[in-house]
Amino acid sequence: MGITMWSRLRSPWLLHFNTGGCNGCDIEVLAALTPRYDLERFGCLLKGSPRHADVMVVTGPVTRQVRDRLIRVYEQMPEPKFVVAVGACACSGGVFRGCYNVYPGLDAVLPVDAYIPGCPPKPEAIINGVAALLAKLGGKL
Amino acid sequence: MSFSSSYERFFDIPIGPQHPALKEPILLRLIVEGEHVVAADVDVSYTHRGVERAMQERNYIQNIYLAERICGICNVAHTLCYCQNIEGLYDVEIPSRALYIRVLVEELARIHSHLLWLGVAAHEIGFDTLFMYIWRDRERVMDLIEEITGNRVTSAINTIGGVRRDIKPETCDRCLKAMDYLEERIKYYKKVCEIDPTVIARCAGVGILKPKDAIRLCAVGPTLRASNIKNDVRADDPYAVHDEVPFNVIVYDTNDTLARVLVRIDEMLESINMVRYCIEHMPSGPVRVRLKLSPPVGEHLSRVEAPRGELIHYVKSNGTEKPERYKVRTPTFGNIPALCEMLTSKGDYVVNIADVPIAFASIDPCLSCTARVVMLDREKEKLWVGSLDRLRRWRGWG
Amino acid sequence: MNEEDVVSRLKEAFGDKVSEFKTAPRRVFFYTPPEHYKEVVRFLAEKLGFVHLQAITATDLGDEIEVMPHLGRGLTVSVRTRVPKDKPVVDSVVDVIPGASVHEREAHDMLGVEFRGNPNLTRILLPEDWPKGVYPLRREAKLAPPKPIRGGKE
Amino acid sequence: MAMLLEVFKHLFKKRATLMYPFGDREKIPVPEGLRGKISFNRDLCIGCGLCARFCPSGAAELVEDEKGKRPIFHIDRCLFCAQCEEVCPRKAITLTKTFEIAGFDRSNLVVK
């Protein structure tokens, strides 16, 4: 494992993108950063700019309006980049499956590396999902 | 009105839809002259999902969970409003224990929502210490909600005909203990907000909404109450057991963001007392009546005081297992015209760009609710600011 | 003011222009033809003090579209009017209640109701490339979710 | 400034952070009645299809197998609302307390 990848796995920077969800998953992603769960223990930082981020955490169903913005933000992220779909809506459209303005899941628009089901998932489940993704990437190298 | 011809001196600053300061996709357009915001425009159509149409295509049971996911933070208010609405069609008596549990969970959700908002507001003014402490204490409420309902956020407790889970005596004890802890902490935060120079400097005199404008622009909830208008659906149009549970409607008269902070803090203290009252006076008995899947033909309008203000659901049934029309009006939507008013400089009242985040946050915007049906959008050269000008003319100033 | 007072004041002021009264605790529903709709809303707002507009519900009834604003803070008064579906035009109340603007735009976007007098009746919530003449809440609208743009499942 | 004293006091208090996922993994407070991953008992199922009819998100899907009709559950669509548990006449469906269900492929996120 190169030193670059080693450091990348020890300190993944996250970008949070809400594609039009109900806020349930967003407050759980935010709760994962606050003292009770403290995601920063793992070196994770929530970044504002896509150009700084390694992992994009997407919550919510992808609406027609937000699709192009989502793709654009994804393209701005440097390689290698990973996408985590948090919550039922991002995984598959969830309760909004079949609505006329909603794509059936994030993987209809972007390649997704990990799915964290739940409506919303507990902060522990989000930590578990991100950790599982990092472990898988570490094992691959 | 054409944008380019009328605002040549002005800069147009778009913020969003993806922006570090925003947790939701929203496009905030500010027209600024130097440091001063002269007009604001909000486009939140990014979260339009087509819930109303989906509601007409699903049955009444499935719609409970769909209504719950209109908004994750006020999900209890949405399901409560939905279930009351459908029960209104049946004309059925709901067991009073169920109503007490509904109010209990509703008030817990209000505490959770207001604490969340207070934390976010502290973050918006750059006071991250307060944000972290508040969110740490908020976990106590989340634990209670999780224990009572089975999930931290989406509670799925209300159902047509009552509630789905009974509350256990040991949960009640833990609940009372947590209320004592929270009361002490919230009183402490109130003191911080009253004396801390950071909070006062950033909140006092910012985002002024005069009572007259609040009425004309149909503002709702804490935004309205911070403009010294005593209005609360729980008091004016009591539902569930709000006519039995005593509480005060909080009003403040300074009309600014600090008033909105203090209104929410005082409301949390009221909610704590309501939770205590509910636990002490909870009657025994069943928590649910079983109802047929298809309600009789009719229509019903239900109102609930959600954490962000008045929430309205309207249903029209045609006797089948799917509603013919379901209409939802969420509180943030009612507050958007008031928000545009707050963000507009006029006369002595000046809005700086730096004040925009906290003034914007002060209505507690919950766009996922709002954009389900609505919003202000820009169509080519036509801007909402154009119609805001017209709005101003109608009100006789500017 | 209770429900009966509202009903009697309306009957006194408008006679047979208002009909189909239906009351429930703190709710009043009634019908008025589209030509008197604005007059009635103005009376409610200016004479009886129902200045708060909660929402405007528009419903597709088949041949007609029903437009129904809900007014009031404690007591809710719903004014129902019906317009033909092929020419759904009704007066705007935006100069009586400024907050009505966005509600009218929403009804315009979702059901194609024209509000005569609303100066800014533009698209507010559907995507910019949404086909013209398709209104999601009309019965005849055939709507499907968008097609996946990459090889996601289903 | 008003919070300075509070911050110092907290230096000597118990830490608020749960050390998940390290060390005290068993001590994670999972309350009684948490709505987690679905578990399905094929032997009790009679194939009535009520779960599929009332599932708000289409997570329960009816399929045929050698013993007749039965549901399969797509966890990636599931809302964990427990409506299927509530309507099941034979108690074949229960919601367990498992919440660590992240996966890398949607086709694995199915309960059979």
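A, B, ... follow the sequence lines: proteins, then strands. Residue 1 opens every chain. Quantities reported herein were computed from a predicted structural model and do not represent experimental measurements.
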Quiz item: Val95(A), Thr63(A), Val29(A), Thr19(A): which one forms the most heavy-atom pairs within less than 4.5 Å of chain B?
Solution: Val95(A)

Self-check item: Proximity breakdown for Leu70(A) and chain B, heavy-atom pairs closer than 4.5 Å
Solution: neither

Quiz item: Any side-chain heavy atom of Met56(A) sitting closer than 4.5 Å to one from Leu110(A)?
Solution: yes

Practice problem: Look at Arg64(A), Glu28(A), Lys122(A) and state which one has the largest set of heavy-atom pairs under 4.5 Å with chain B. | Solution: Glu28(A)

Quiz item: For His313(B), which residues count as a ring-ring contact (aromatic ring centres under 6.0 Å, His included) partner, sequence neighbours excluded?
Solution: His78(B), Tyr326(B)

Practice problem: Please list all pairs passing the salt bridge (Lys or Arg N to Asp or Glu O under 4.0 Å) test where one or both residues lie in residues 57-69 of chain B, with sequence neighbours left out. | Solution: Arg53(B)-Glu57(B)

Quiz item: When you check the side-chain N and O atoms of Thr59(A) and Asp26(A), is any donor under 3.5 Å from an acceptor?
Solution: yes

Quiz item: Is the side chain of Arg97(A) donor-acceptor paired with the backbone N or O of Cys89(A) at a distance under 3.5 Å, no angle test?
Solution: no

Exercise. Answer yes or no: are there more than 12 heavy-atom neighbours, outside Arg51(A) itself, under 6.0 Å from its atom CZ?
Key: no

Self-check item: Proximal component of Pro120(A), with respect to chain B [non-hydrogen, under 4.5 Å]
Solution: both

Practice problem: Let me know if Asp137(B) has heavy atoms under 4.5 Å from chain A in its side chain, its backbone, both or neither. | Solution: neither

Quiz item: Any idea which of Met142(B), Arg136(B), Arg152(B) has the most non-hydrogen atom pairs under 4.5 angstrom with chain A?
Solution: Arg152(B)

Quiz item: Within the side chain of Thr34(A), is there an N or O that forms a donor-acceptor pair under 3.5 Å with the backbone of Arg36(A)?
Solution: no

Quiz prompt | Proximity of residues 109-118 of chain B to chain A, residues having a non-hydrogen atom under 4.5 angstrom | solution = His112(B), Leu116(B)

Quiz item: Can you check whether Val315(B) reaches Lys327(B) side chain to side chain, under 4.5 Å on heavy atoms?
Solution: no

Exercise. Please list, chain by chain and in numerical order, all residues satisfying side chain to side chain contact (heavy atoms under 4.5 Å, CB included) with Asp128(B), sequence neighbours excluded.
Key: His123(B), Phe131(B)

